[in-house]
Amino acid sequence: MIEKNYQPADIETRMARLWEEAGAFKAGRPERRDARPFTVVIPPPNVTGSLHMGHALNNTLQDILCRFERMRGRDVLWQPGTDHAGIATQMVVERQLMERQEPGRREMGRTKFLERVWQWKAESGGVIVNQLKRLGASCDWSRERFTMDEGLSRAVVKVFVELHRAGLIYKDKRLVNWDPKLLTAISDLEVQQVEVRGNLWYLRYPLEGKAFHPDDPATFIVVATTRPETMLGDTAVAVNPDDERYADLVGKYVILPLVGRKIPILADEYSDPEKGSGAVKITPAHDFNDFEVGRRHNLPQISVLDQEGCLALVDNEDYLRDLPEGSAQLAEELHNVDRFAARKLIVARLEDFGFLERIEPNTHMVPHGDRSGVVIEPYLTDQWYVDAHTMAQPAIAAVRSGATNFVPKNWEKTYFEWMENIQPWCISRQLWWGHQIPAWYGPDGKVFVAETEEEAVGNALGYYVEQEVITPDQGAEMARDPDRREGFITRDEDVLDTWFSSALWPFSTLGWPDDEADVERYYPTDVLVTGFDIIFFWVARMMMMGLHFMKDVPFPTVYIHALVRDEKGAKMSKSKGNVIDPLHLIDDYGADALRFTLAAMAAQGRDIKLASQRVEGYRNFATKLWNACRFAEMNGCALPADFDATQATQTLNRWIAHETARATREVTEAIEAYRFNDAAASIYRFVWNVYCDWYLELAKPVLMGEEGAAKSETLAMVAWARDEILKLLHPFMPFITEELWAVTAKRDGLLVLTEWPRKAGLSSDEAVMMATTGPNEGLLPPVLLALDNADFSDPAAEAEIGWVVDLVTAIRSVRAEMNITPATLTPLVLAGASAETRDRAQRWNDVIRRMARLADISFADRPPEGAVQLLVRGEVAALPLKGVIDLGAEKTRLDKELAKAEADIKRVDAKLGNEKFVANAPEEIVEEEKEKREAAVARKAKIIEALERLKNAA
RNA sequence: GGGCGCGUAGCUCAGCGGGAGAGCACCUCGUUGACAUCGAGGGGGUCACAGGUUCGAUCCCUGUCGCGCCCA
């Protein structure tokens, strides 16, 4: 029994429980042992996260694919899990400690702190998983993984060690993006370039051997810089080799103001003559470009900042080397001053001595940390790197060859662009929460990388015994007792970039390296669904790791979906306050409505501007379906076991079978092509504008009428089409369809595991091929071996019902125009009707009268005088409304129609009169135009007749 | 500076070589046998602009203008 009102919240909790209890989402179901797998790995959300619109869209689309393929008989594995999100999670827990006024991370110590993070994860890490369940995500939750669980951690270590052995992971000292707030290195991708209004400072650097005077340009060279405070670390001045202004200065030296260091003026292409003064200061330790210039010219690298972005000058050997006496005083004064305060101090000091020429306002891009929000400092440190350039090559080739395809295809360009210019990937992070790098150091800094501490220590001790740094006895001692080797062998403190573990996700979650059975079965996955913002972060890296370790791409298809924005097109962000919370929408309208909205708006290649009004509209759609099912139930519609829709005899029933087949084809093909919006539009139109608006309405007289073959067939057909609708709609609106499936009939099983309607044109052989890996047909779901005629089509039924629809529509339209209230029943006269039309009119008499508000239907050779005359499929239908209608208005209406017909004829004639058109256009197009002309000419004739009669009546 | 994409009905968006579409909003009418979370009907668009290709362009090409995103 269907409830009177559709209540999403109640249905959703019950259906979720039902699926859970049935283990409906489990991969590897015994009865599908021989079915072809369909595998998708979820983009693992951060454990710290909560569901936002991007997740809602991403997971709705994945769920549509998974439910669709599950219904098509595949063994679906949708692999869920979460990501440990190093920086984000560590920040969350640290903030919590602060709020509770507990000891901070450093006071607490590493071990204790990590315990706290795990504790936090246990308490709060399940939030987003539960939110995904509310959305209806049909993941195999029994296989949920976490990037820091034991198995995945083993995968991380193994990958690190193997890549290190292969020379693809190495340690290097170079400039990194340093976050002075979080005190860690971050990768290029975690840096956001932000436009900042700053200044360009023009500084005078005195030439060596000349007495500096601010008024004498011959005694100095002007350099322009956006970062005056780094001048303390300058080791050269560069000018463009083609810049004639400075040609004679190349090779000479300047004396660095305030500092007194003698540094060369050199020629390098990097210096842009158009920018600033054309001369640029070179600070290799504090600027990426300068670093490269420095390498080319063998310049020293003088770092003048510490980890926190404060000047570090006292005891700074690099800085103090070769400086004149007295410079130590400046070092003392500026030591430990923050970089931004230092900027002011240094500029003021330069100005005092006449070294500041001028200040020019300058807007430029400044790197910021995407987590901390502070200005990133290029900083010279030792870090671990992946040789991304080498690993990118197979990943590039795989997309070039089509082994992996992007949908839509244009994202491949973005992918290539980045991959072909890829920089070494800095993977070490100075954090605690993450996979600690499996590297150990000896007293001389020599590194030992191994999968276990035991192995690394063994190697190290062996080495130092051999080198006679320690005796064999000491070595044995240290091997036995960790306390004894403390201070001698130490483990690398750093952890790996979170994306390092995410890169392994498609195979680490399947059990690699411990158990490869599932890797065998489910790798490579079938499709990756994700947003374009993580193509670089994640997709590219999975490609590299997958190809290297699995020797195969992780997925043949990458579907890239849009970003969800607010209704004005702005990116949703907390600071803007324009975030629409998907959970609120679920509360208000139900998960099904939200899902359908997102699918309907997921057109390829465009961002989604979401308005909640749209969600409301699709909630109404759910209500419509609900009520249609209630209607079927109230009329006792039920599907007999042996019912075959294609064998129906009633025209109306053959018509809905035909329309259902069409909808099935459209929905199936659209999902197959990742055209979610087309699929949604198709099922929407079918349910509302075909099934509800016409089929149920046209069936009413039969259903209310006397018992008999026609009625029993219709009772069955209403139920049959309803069931097909529930199946087609299930991937989009799983909750309401599952509920209706359960309450509308006694079922063998859940809808979620019911077979998808066979697409037209798919032979049973192909269906078998699709769903199986082997020839063992005995284990197939029986439906895949039966059911033919899925491409059922009946043009005759289409023509007849089409006529009824057109007739009713035309009458309704003219009645509304003439302001005839529904209470007024009018007669209808079919003039000069063909035998076929007479038959049809008799067959559909009840329906037409009811829907068009008619008193009766009669026939005549000619339309009566003073009637409204309508053209329906080439014949005249007249409404004798003498006295009711305004003859003047009717004339105006007919004049308008006439003008339209004449315009149509004129346009077609222009085409057909064009020799080139007739010669060049495809035959069927020309034929079509001719038919259009004929129809328009016939229409025109009838309208003229109608006008004549109107004149007579007046 | 390089790349990608977008300018179609009041709004949000489909369509993309042969007669301009949907949803919402708007206007009119309606307690018609499931549904007012509804039904019926209606108005509304030089498809940004300018060239070109073509028998034919909203659709392809070029340019201009406006907007967005990514990378330097």
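The sequence lines fix the lettering, A, B, ..., with proteins before strands; numbering per chain opens at 1.
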Just the rounded figure in Å: distance from C1' of B:rU32 to CE of A:Met704. 12 Å
With a non-hydrogen cut-off below 4.0 angstrom, is A:Arg850 in contact with a base, only sugar-phosphate, or nothing? base
Which part of the nucleic acid does A:Lys413 contact within heavy-atom distance under 4.0 Å: base, sugar-phosphate only, or nothing? sugar-phosphate
What's the gap between B:rU31 and B:rA40 when it is taken at their P atoms, as a whole Å value? 15 Å
From the candidates B:rG18, B:rU37, B:rA34, the one with an atom nearest any side-chain atom of A:Thr623 is B:rU37
Salt bridge or not for A:Arg665 and A:Glu669, using N-O below 4.0 Å? no
Looking at A:Glu897 and A:Lys900, is there a salt bridge between them, counting it only when a charged N and a carboxylate O are closer than 4.0 Å? no
Can a salt bridge be assigned to the pair A:Lys891 and A:Asp895 using a cut-off of 4.0 Å between side-chain N and carboxylate O? yes
Does B:rG42 have its OP1 or OP2 closer than 4.0 Å to a side-chain nitrogen or oxygen of A:Arg815? no
Rounding to an integer number of Å, can you tell me how far A:Ile535 CD1 sits from B:rC71 C1'? 13 Å
Counting Watson-Crick and G-U wobble pairs whose two distances are both under 3.5 Å, find the runs of 3 or more in a row that involve RNA chain B. B:1-7 with B:65-71, B:10-13 with B:21-24, B:26-30 with B:38-42, B:48-52 with B:60-64
Is any N or O donor-acceptor pair between the side chain of A:Glu417 and the base of B:rA72 shorter than 3.5 Å? no
So what does A:Cys692 touch, heavy atoms closer than 4.0 Å: a base, only the sugar-phosphate, or nothing? base
Closest to the A:Asn410 side chain: B:rA34, B:rU32, B:rC4? B:rC4
I want to verify a distance call: between B:rU12, B:rA34, B:rG18, whose nearest atom is closest to the A:Arg614 side chain? B:rU12
Any chance the side chains of A:Thr824 and A:Arg853 put a donor and an acceptor closer than 3.5 Å? no
Taking 4.0 angstrom as the limit, do A:Glu412 and A:Lys409 come out as a salt bridge? yes
So, A:Lys940 and A:Glu902, do they make that salt bridge, N to O below 4.0 Å? yes
Between A:Asn689 and A:Pro701, which is nearer to the 5' end of RNA chain B once each is assigned its nearest nucleotide? A:Asn689
With a 4.0 Å limit, can you tell me whether A:Asn914 has a side-chain N or O closer than that to the phosphate oxygens OP1/OP2 of B:rC55? no
Looking at every non-hydrogen atom in both residues, tell me the closest pair between A:Pro367 and A:Val191 and how far apart they are. CB-CG1, 3.4 Å
Does the B:rA34 base have a donor-acceptor partner in the side chain of A:Lys4 within less than 3.5 Å? no
Have a look at A:Gln192 and say if it touches a base, only the backbone sugar-phosphate, or nothing, with a 4.0 Å heavy-atom cut-off. nothing
Name the nucleic acid region contacted by A:Gln613, choosing base, sugar-phosphate or nothing; use a 4.0 angstrom heavy-atom cut-off, strictly under. sugar-phosphate
Please state the C1' separation for the pair B:rG42 and B:rA9 - nearest whole angstrom. 14 Å
Less than 4.0 angstrom from a charged side-chain N to a carboxylate O is my criterion; do A:Arg227 and A:Glu377 meet it? yes
Which of the following nucleotides, B:rC69, B:rU37, B:rA34, is nearest to the side chain of A:Arg619? B:rU37
Nearest-Å distance once atom C1' is located in both B:rC61 and B:rC16: 15 Å
Measure all distances between protein nitrogen or oxygen atoms and nitrogen or oxygen atoms of nucleotides 39-41 of chain B, and list the pairs falling under 3.5 Å.
from   : atom 1 : to       : atom 2 : distance (Å)
B:rG39 : OP1    : A:Lys624 : NZ     : 3.1
B:rG39 : OP1    : A:Trp688 : NE1    : 2.5
B:rG41 : O3'    : A:Ser813 : OG     : 3.4

Please tell me which of the listed nucleotides, B:rA34, B:rC69, B:rC71, lies nearest to the side chain of A:Ala628? B:rA34
Short side-chain N/O contact to B:rG19 OP1/OP2 from A:Lys932, under 4.0 Å: yes
Which listed nucleotide (B:rA34, B:rG18, B:rU12) is nearest to the side chain of A:Phe631? B:rA34
Do A:Arg939 and A:Asp904 meet the salt-bridge criterion of a basic N to acidic O distance under 4.0 Å? yes
Between A:Phe732 and A:Tyr618, is the ring centre distance below 6.0 Å? no
For RNA chain B, which residues in residues 678-685 of chain A have a heavy atom at a distance below 4.0 Å? none
Among the nucleotides B:rU37, B:rC55, B:rA72, whichever has the atom closest to the side chain of A:Met365 is B:rA72
Ring geometry between A:Phe686 and A:Tyr691 (parallel below 30°, tilted from 30 to 60°, perpendicular above 60°): tilted
One thing to verify: whether A:Arg296 and A:Asp268 come together as a salt bridge, which I'm taking to mean a side-chain N less than 4.0 angstrom from a carboxylate O. yes
Answer yes or no: does a side-chain N or O of A:Asn620 lie under 4.0 Å from OP1 or OP2 of B:rC38? yes
Using the side-chain heavy atoms of A:Asn677, tell me which of these nucleotides is nearest: B:rA34, B:rA14, B:rG23. B:rA14
Heavy-atom contacts under 4.0 Å between residues 586-602 of chain A and RNA chain B, which residues? A:Met601
Answer yes or no: is there an ion pair linking A:Arg630 with A:Glu3, defined by an N-O contact shorter than 4.0 Å? no
Quick one: on RNA chain B, does A:Met851 or A:Asn819 contact a more 5' nucleotide (nearest heavy atom)? A:Asn819
According to side chain to side chain contact (heavy atoms under 4.5 Å, CB included), who are the partners of A:Phe536, at least two apart in sequence or on a separate chain? A:Leu189, A:Thr414, A:Trp418
Can a salt bridge be assigned to the pair A:Arg685 and A:Glu666 using a cut-off of 4.0 Å between side-chain N and carboxylate O? yes
Check every strand shown and say whether A:Arg675 touches a base, only sugar-phosphate, or nothing at a heavy-atom separation below 4.0 Å. sugar-phosphate
Return a table of donor-acceptor pairs under 3.5 angstrom between the side chains of residues 916-931 of chain A and protein atoms on other chains or two or more places apart.
from     : atom 1 : to       : atom 2 : distance (Å)
A:Asn920 : ND2    : A:Lys916 : O      : 3.1
A:Glu929 : OE2    : A:Lys932 : NZ     : 3.0

Interatomic distance, A:Met818 CE vs B:rG42 P [rounded to whole Å]: 12 Å
Output the rounded distance in Å from CE (A:Met733) to C1' (B:rU37). 12 Å
B:rU28, B:rA34, B:rC55: which one has an atom nearest the side-chain heavy atoms of A:Asn920? B:rC55
Stacked cation flag A:Lys700 on A:Phe631, 6.0 angstrom / 45 deg: yes
